[in-house]
Number of protein chains: 2
Amino acid sequence: METKESGQKMTISDVAEALNISKTTVSRAISGKGRIGAETRRRVLEYIEEHNYKPSVIAKGLAQSKSYNIGWVMPSDYSVVDLPFFQKCLMGLLEMAAPVDYDVLVCTVSPDDMSQLERIVENHKVDGVVLGRTLVNDAPAEYLKEKKIPFVVVGSMDDDNVVQVDHDHRSACRELTSILLAKGMTKVALMGGNKNHVVTLNRYRGYLDAMEDMEVPVDNSLVYFDIDNSVLCEHAIEEIMKQKAECILCMDDGICQNVLNILDKKGIKVPTDVRVASFYNSSLLNNYQPAITSLQFDPRELGMVACKLLVDFIEGNEVKKKTHLGYELRLKESTK
Amino acid sequence: METKESGQKMTISDVAEALNISKTTVSRAISGKGRIGAETRRRVLEYIEEHNYKPSVIAKGLAQSKSYNIGWVMPSDYSVVDLPFFQKCLMGLLEMAAPVDYDVLVCTVSPDDMSQLERIVENHKVDGVVLGRTLVNDAPAEYLKEKKIPFVVVGSMDDDNVVQVDHDHRSACRELTSILLAKGMTKVALMGGNKNHVVTLNRYRGYLDAMEDMEVPVDNSLVYFDIDNSVLCEHAIEEIMKQKAECILCMDDGICQNVLNILDKKGIKVPTDVRVASFYNSSLLNNYQPAITSLQFDPRELGMVACKLLVDFIEGNEVKKKTHLGYELRLKESTK
DNA sequence: CTGAAAGCGCTTACAG
DNA sequence: CTGAAAGCGCTTACAG
């Protein structure tokens, strides 16, 4: 109940001594591995409970060549730091990791620098890592494969050997686009993000799928990528409106926020002058008037699932390679 | 179950053997501690460079009773996860930590549960921690004091013994309020956040300071706290407008976003019907029309400074107890 | 300047 | 069922 003798932290030797048994036995009582008498075990557990003994995970790790850490790798791009997406994934990771006694070490990578990632794996500070997003040519993923470190990606990749967890953006975008087309619009513009992100391509494919389904020809002058600042965005909107687009489909809510502001500035009304829909997963568009039709995902759940998969993987269990989480489609006034 | 591959991780013994010297000498060459011949040292450094040997930080940690991790503690409240603030702090932390060979372990706490924090400190997984915000009755801070773990807080507290890094919210708010008053407004409403957060109180104090400076009496029917959902927000706005407030000062951009949406919904125009100002540190209000007058802070810098202070602290150096970072005041159309 | 040895706090064959 | 001992990969008095 009271804190142990002031100062020094208790070690396994202390409890062994106090109980007049060997460290081996104490270790076994705690880990549950190896044979041990029920009564002995009870005594040990009771003692450490009462004296609040907590084994050093560092020492345990050394003995087992493990760190009990998983690495969470997120991009550090300026534009991405404003999106709550990665923060929410991280929350999910943390939530799942603690109960299985893993901790989460964070590091960032940028397209031209993955030294932080290299540090944590080469210093042996993590037992596995989860990559926060996937790129078309994914240097971090290649690196981890080569190093033979267990890892899972939040997102999708072509390689069927890597463990992936993602929402099915292709289907989702196909569904959303279909609904827009079914409403009678044929000129649905697409405002895309970075084409080097796999997610961008998948959404684009879904868009194309829907166009094909509904036999609507694709007009490339309505399709824009790499819209990552307001100048590009404004330019794209001007072109799009020149083509008399009936709807603008935005690939993420950062882009959508930009689009809405520019539309507003230009006095173009939503949904009367043009409809707007988005891939919505943050609060950027909270309470916007009119409410924005969007696809809804759950980043926190991505994090939780990724963590579960990674830990299973690390511990040598069989792991499903590809898991898709559900999404929701929310029709609002912006596409009325 | 795993078979050893030829590419096994190299240990200090391997390099000692290869060079025909002792592990001691290798260790000294790397750490720079202890006497060692310049030539010997050169050989070691050259060898490990060439063979890409990286010492295990885990083992090093065990030997030194250190983990070379710092803990980053952030709240997990639902409302707070949408703000990029903590994510940006974290970026700053990471940026400073890597060069000094520390890694960052993340954990969350909520008002009624700090078990994640207890885990990482009691498992000895961190050498110190930084608390992402301060509360009026700060249980995590109390806990860390009791445990005698080095820690620094991002935010302010009454206890002069704890290392703090913060923006001077009181002065900032005083300055902003003064400017508003100087423009001739006397009815400046205040929409505050959680009164249990120290930052909320400090901003409030700054507001009071300014009112006193300018000899404007404080009207309590213009001051609201704990505005954390749109229902409360709408109610507050109705009351405020009934009092014919000339300006609404919002304590953070989440609140401000809410306020703007409700104002919009009610057809109240900014700045003609009412002025609006905010404490702006995220992208929530990006490109909003009209542009919002606000105080601007730098969360990333907070993280960087906190990291520097903590590492100094951990390594036993003298550390400044209280550091204030600068802020900027941006006057925009919303208070014209 | 360099090395043998003890030690950091655990785990885990191996033996009894 | 239990323990002595070796070992995980480093650091660091201590001695030469």
Side-chain angles (χ1 to χ4, degrees), chain A residues 4 7-45 47-48 51-69 101 121-127 315, chain B residues 1-2 4 8-45 48 51-69 101 121-127 315:
Chain A
K4 187 55 177 139
Q8 289 315 311
K9 40 199 74 161
M10 209 185 324
T11 73
I12 198 172
S13 304
D14 296 327
V15 359
E17 217 164 275
L19 260 29
N20 236 289
I21 55 181
S22 73
K23 295 190 300 175
T24 308
T25 304
V26 176
S27 175
R28 281 202 274 254
I30 295 171
S31 68
K33 294 186 213 160
R35 305 184 61 77
I36 186 177
E39 170 59 11
T40 314
R41 165 168 215 177
R42 217 213 74 254
R43 280 176 59 217
V44 174
L45 262 20
Y47 184 90
I48 69 179
H51 294 74
N52 195 34
Y53 162 69
K54 297 282 172 72
S56 159
V57 180
I58 302 282
K60 180 180 175 189
L62 217 217
Q64 301 179 138
S65 296
K66 290 197 55 174
S67 66
Y68 289 96
N69 287 148
D101 246 305
V121 345
E122 281 163 21
N123 283 343
H124 315 111
K125 298 240 347 198
V126 293
D127 298 332
E315 303 192 333
Chain B
M1 13 183 79
E2 293 287 23
K4 305 288 182 185
Q8 266 318 290
K9 37 202 76 162
M10 209 183 325
T11 72
I12 198 173
S13 304
D14 296 328
V15 358
E17 219 164 274
L19 259 30
N20 236 290
I21 54 181
S22 72
K23 296 189 299 176
T24 307
T25 304
V26 177
S27 175
R28 283 202 273 252
I30 295 171
S31 69
K33 293 185 212 160
R35 305 183 62 76
I36 186 177
E39 170 59 9
T40 314
R41 162 167 218 178
R42 217 212 74 256
R43 280 177 58 217
V44 174
L45 262 20
I48 68 178
H51 293 73
N52 196 34
Y53 163 70
K54 298 283 172 70
S56 159
V57 180
I58 302 283
K60 180 180 175 189
L62 217 218
Q64 299 179 140
S65 297
K66 290 197 55 174
S67 65
Y68 288 97
N69 288 148
D101 246 305
V121 345
E122 280 162 22
N123 284 343
H124 316 110
K125 297 238 350 198
V126 293
D127 298 333
E315 303 192 332

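Computation of the quantities below employed the complete heavy-atom set of this structure, encompassing side-chain atoms and omitting hydrogens, waters and symmetry-equivalent molecules. Below, read A as the first sequence line, B as the second, and so on, with proteins coming before strands; counting in each chain starts at 1.
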Asn69(B) side, atom CG; Lys125(A) side, atom NZ - distance, nearest 0.5 Å = 3.5 Å
Is the backbone N or O of Tyr68(B) less than 3.5 Å from a side-chain atom of Lys60(B), with the two atoms forming a donor-acceptor pair by type?
-> no
Between dG7(D), dG9(D), dT11(D), which nucleotide gets closest to the side-chain atoms of Ala63(A)?
-> dG7(D)
Between CD1 of Ile48(A) and P of dG9(C) the distance, given in whole Å, is 17 Å
For the student: nearest non-hydrogen atoms of Lys54(B) and Glu122(A), plus distance = NZ-OE1, 2.6 Å
Should Ser27(A) be listed as having a side-chain N or O under 4.0 Å from OP1 or OP2 of dT11(C)?
-> yes
Give one of base, sugar-phosphate or nothing for Ser13(A), where a contact means two heavy atoms less than 4.0 Å apart.
-> nothing
Per atom distances to the Thr24(B) side chain, the nearest of dT12(D), dT2(D), dC10(C) is dT12(D)
Nearest to the side chain of Ile12(B), which nucleotide is it out of dT11(D), dT12(C), dG9(C)?
-> dT11(D)
Short side-chain donor-acceptor distance under 3.5 Å, Ser27(A) and Thr24(A) | no
Do any side-chain nitrogens or oxygens of Tyr53(A) fall under 4.0 Å of OP1 or OP2 in dG9(C)?
-> no
Between P of dT12(D) and CD1 of Ile30(B), the distance in whole Å | 13 Å
Round to the nearest Å and state the distance from Ile36(A) atom CD1 to dT12(C) atom C1'.
-> 14 Å
What are the two closest heavy atoms between Leu62(B) and Ile58(A), and how far apart are they?
-> N-CG2, 4.1 Å
Identify which nucleotide among dG9(D), dG3(D), dT11(C) has an atom closest to any side-chain atom of Ser22(A), counting heavy atoms from C-beta outward.
-> dG3(D)
Looking at every strand, decide which applies to Thr11(A) at a 4.0 Å heavy-atom threshold: base, sugar-phosphate, or nothing.
-> sugar-phosphate
Is the phosphate of dT12(D), meaning OP1 or OP2, less than 4.0 Å from a side-chain N or O of Lys33(B)?
-> yes
Integer-rounded Å distance: dG9(D) P and Lys125(A) NZ = 17 Å
Once you round it to whole Å, what is the distance between P of dC10(C) and CD of Glu17(A)?
-> 13 Å
Quickly work out the Asn123(A) CG to dG9(D) C1' distance and round it to whole Å.
-> 13 Å
Return the nearest nucleotide to the side chain of Ser56(B); candidates are dT12(D), dG9(D), dC10(C).
-> dG9(D)
Checking dG3(D), dG9(D), dT11(C) against the side chain of Gln64(A) (C-beta onward), the nearest is dT11(C)
What is the distance from atom CZ of Arg41(A) to atom OG1 of Thr25(A), rounded to the nearest 0.5 Å?
-> 12.0 Å
Have a look at Ile21(A) and say if it touches a base, only the backbone sugar-phosphate, or nothing, with a 4.0 Å heavy-atom cut-off.
-> sugar-phosphate
To the nearest angstrom, the OH-P distance between Tyr68(B) and dC8(C) comes to 17 Å
Arg28(B) CZ to dG3(C) C1', in whole Å, measures 8 Å
Please state whether the phosphate of dG3(C), meaning OP1 or OP2, lies under 4.0 angstrom from any side-chain nitrogen or oxygen of Thr25(B).
-> yes
